[in-house]
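Structure below; questions to follow.
Not measured: the values here are computed from a predicted model. Chain letters run A, B, ... following the sequence lines, proteins first, then strands; residues in each count from 1.
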2 protein chains.
Amino acid sequence: MRVGELSKKSGVPVATIKYYLREGLLPAGVLTSPNQAHYDDEHLRRLRLVRALMDVGGLSIAAVREVLAAVDTREGSLHKKLGAVQEAISQPAAVELDPLAVEDVQAFFARQGEAECVDVTESNVTHMLASALSSARSVGHDHFRELLDPYLEGLKIIARADVEYIARFGSRDDIIEAMVVGTLVGDTVLKAVRRLAHAQVSREVIGDVPES
Amino acid sequence: MRVGELSKKSGVPVATIKYYLREGLLPAGVLTSPNQAHYDDEHLRRLRLVRALMDVGGLSIAAVREVLAAVDTREGSLHKKLGAVQEAISQPAAVELDPLAVEDVQAFFARQGEAECVDVTESNVTHMLASALSSARSVGHDHFRELLDPYLEGLKIIARADVEYIARFGSRDDIIEAMVVGTLVGDTVLKAVRRLAHAQVSREVIGDVPES
DNA sequence: GATGAATGGATAGCGGTGCTCTCCGCTATC
DNA sequence: GATAGCGGAGAGCACCGCTATCCATTCATC
């Protein structure tokens, strides 16, 4: 298939596909002539993945490139790959870290029996956690840290479901892609369902007089 | 206090504060002379809130303005205010909705015994949910919907903690602000802790040979 | 084999966003 | 009275994700 068909099948404009090719988000097609290239279903699949990462995950072009690099690398254990992917899809906010928030994170790790986290900025994930708690503190919510434990409790159920979902996939490539998609789509789904749960509680507890 | 001191206390450049004033994110100070205005702690508090919304919530200027409008309005029940705030902090991805994903959402509502949701696009929250599932489907993950129920189960624990947290606050204004901050900071914290849980499972289940 | 649309490749430009810079006349402070 | 800072307003800037244009070449159709 050539670029026009790829565009039709994916709904992505040709000019945008060319841009992605230039940016290295999409591998070049096989040249059959100096100005004719051939794309296959793998390209279509990759293109849809790129759009999904940007749309649902809100990833930047640079972050997508990083994720794809981690997905594509043939070396390293699955565990290492997950780590690399996690780093790429977890960009912390550019906020000055509150030392107290850093302590909150370290105390949380200690409570979970983990070796104490020397440097929260070492990983994007812990950095993200610390920066979120810093922001909370900056607006006077220094007790937000107390939610970490109940959050973890709920997330254990969720993470178990995540793992079972991932386990359905057979090949190494499918597993790593399911991790990426599952994590990002999951983030958004969790956001939405949490809001629904809040609305339900609000309806029950606070109540509201029906208008009609 | 004047703008310089406000800048020092908040860490936000004077030019940026002026910009926020122009954009209506910050109420004007009290003019003591034609070109001298006075700001108080309420301004500082608001400024920090604005930055927190943008930094941790990733909200745009427009979204922040919407949230503040909902926070500030004096009319409507608390329940209605929560609804307005939720809409403002839940911008769905600009993705074409897959009808099957819409059905997934409706089936989910039906399972929870809710009245069937006629139009998922009516609320940003349901729209967000449907667009996330649409993206998942676009990359071949049509079974992601099966995670909705376990997610809800975990989120019930989390939402309960959220409600208890909110309940600490006394005044109407503090409650609504705690909802905004708690929801947005909570989103990010959930993201981070979920990734930590994933990493832990990955370590245990998949394992990894220590290098040193 | 002529013709028109589409292609690969490269470059320039565009629209939105979140600031940042500059200038103005004025004012608080030393 | 000098100097720094002020409120206010507009222009400009950097980045990002495209989008538009151009070119020589190639493919599909007649």
Q: Return the set of residues passing salt bridge (Lys or Arg N to Asp or Glu O under 4.0 Å) with B/K9 (not counting sequence neighbours), or none when no residue passes.
A: B/E5
Q: Only counting residues at least two apart or in another chain, list the ones meeting side-chain hydrogen bond (donor to acceptor under 3.5 Å, both in side chains) with A/Q36.
A: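 Checked A/Q36 against side-chain hydrogen bond (donor to acceptor under 3.5 Å, both in side chains); matches are A/R2.
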Q: Name all stems that contain residues of DNA chain C, defined as runs of 3 or more consecutive Watson-Crick or G-U wobble pairs, both distances under 3.5 Å.
A: C:1-30 with D:1-30
Q.
Taking side-chain contact (heavy atoms from CB on, under 4.5 Å) as the definition, give me every residue that meets it alongside B/A62, ordered by chain and number, with sequence neighbours left out.
A.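 Testing B/A62 for side-chain contact (heavy atoms from CB on, under 4.5 Å), a comparison that skips the adjacent residues, returns B/S60, B/R65.
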Q.
Using a strict threshold of under 4.0 Å (side-chain N to carboxylate O), is an ion pair present between A/D72 and A/R46?
A. yes
Q. Do the non-hydrogen side-chain atoms of B/F108 and B/D149 ever get within less than 4.5 Å of each other?
A. yes
Q | Residues in side-chain hydrogen bond (donor to acceptor under 3.5 Å, both in side chains) contact with A/D98, at least two apart in sequence or another chain | A |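 Testing A/D98 for side-chain hydrogen bond (donor to acceptor under 3.5 Å, both in side chains), a comparison that skips the adjacent residues, returns none.
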**Q.** Spacing of CG belonging to B/L152 relative to CG belonging to B/L147, to within rounding of 0.5 Å
**A.**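 Rounded to the nearest 0.5 Å, the CG-CG separation comes to 12.5 Å.
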Q.
Reading DNA chain C from 5' to 3', where do the contacts with chain B start and stop? Cut-off is 4.0 Å to heavy atoms.
A.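 The contacted stretch runs from C/dG18 to C/dA28.
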Q.
Suppose we screen for salt bridge (Lys or Arg N to Asp or Glu O under 4.0 Å). Which residues come up paired with A/R137, at least two apart in sequence or across chains?
A. A/D104
Q | Near-strand residues of residues 17-50 of chain B, defined as heavy-atom separation under 4.0 angstrom from DNA chain D | A |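 Listed by number, they are B/K18, B/R22, B/L31, B/N35, B/Q36, B/A37, B/Y39.
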Q.
Heavy atoms within less than 4.0 Å of DNA chain D: which residues of residues 85-98 of chain A have one? Give them sorted by number.
A.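 Output list: empty, so none.
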(Q) Taking salt bridge (Lys or Arg N to Asp or Glu O under 4.0 Å) as the cut-off, I'd like each qualifying pair that reaches into residues 170-180 of chain A, sequence neighbours left out, listed once. (A)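 Listed by first then second residue: A/R45-A/D174, A/R45-A/E177, A/R74-A/D173.
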**Q.** Any residue meeting side-chain hydrogen bond (donor to acceptor under 3.5 Å, both in side chains) with A/N35, in chain and number order, not counting sequence neighbours
**A.** none
Q: Could you label the plane-to-plane angle of the A/H141 and B/Y165 rings as parallel, tilted or perpendicular, counting under 30° as parallel and over 60° as perpendicular?
A: tilted
Q | Partners meeting side-chain hydrogen bond (donor to acceptor under 3.5 Å, both in side chains) with A/S90 (sequence neighbours left out) | A | B/R195
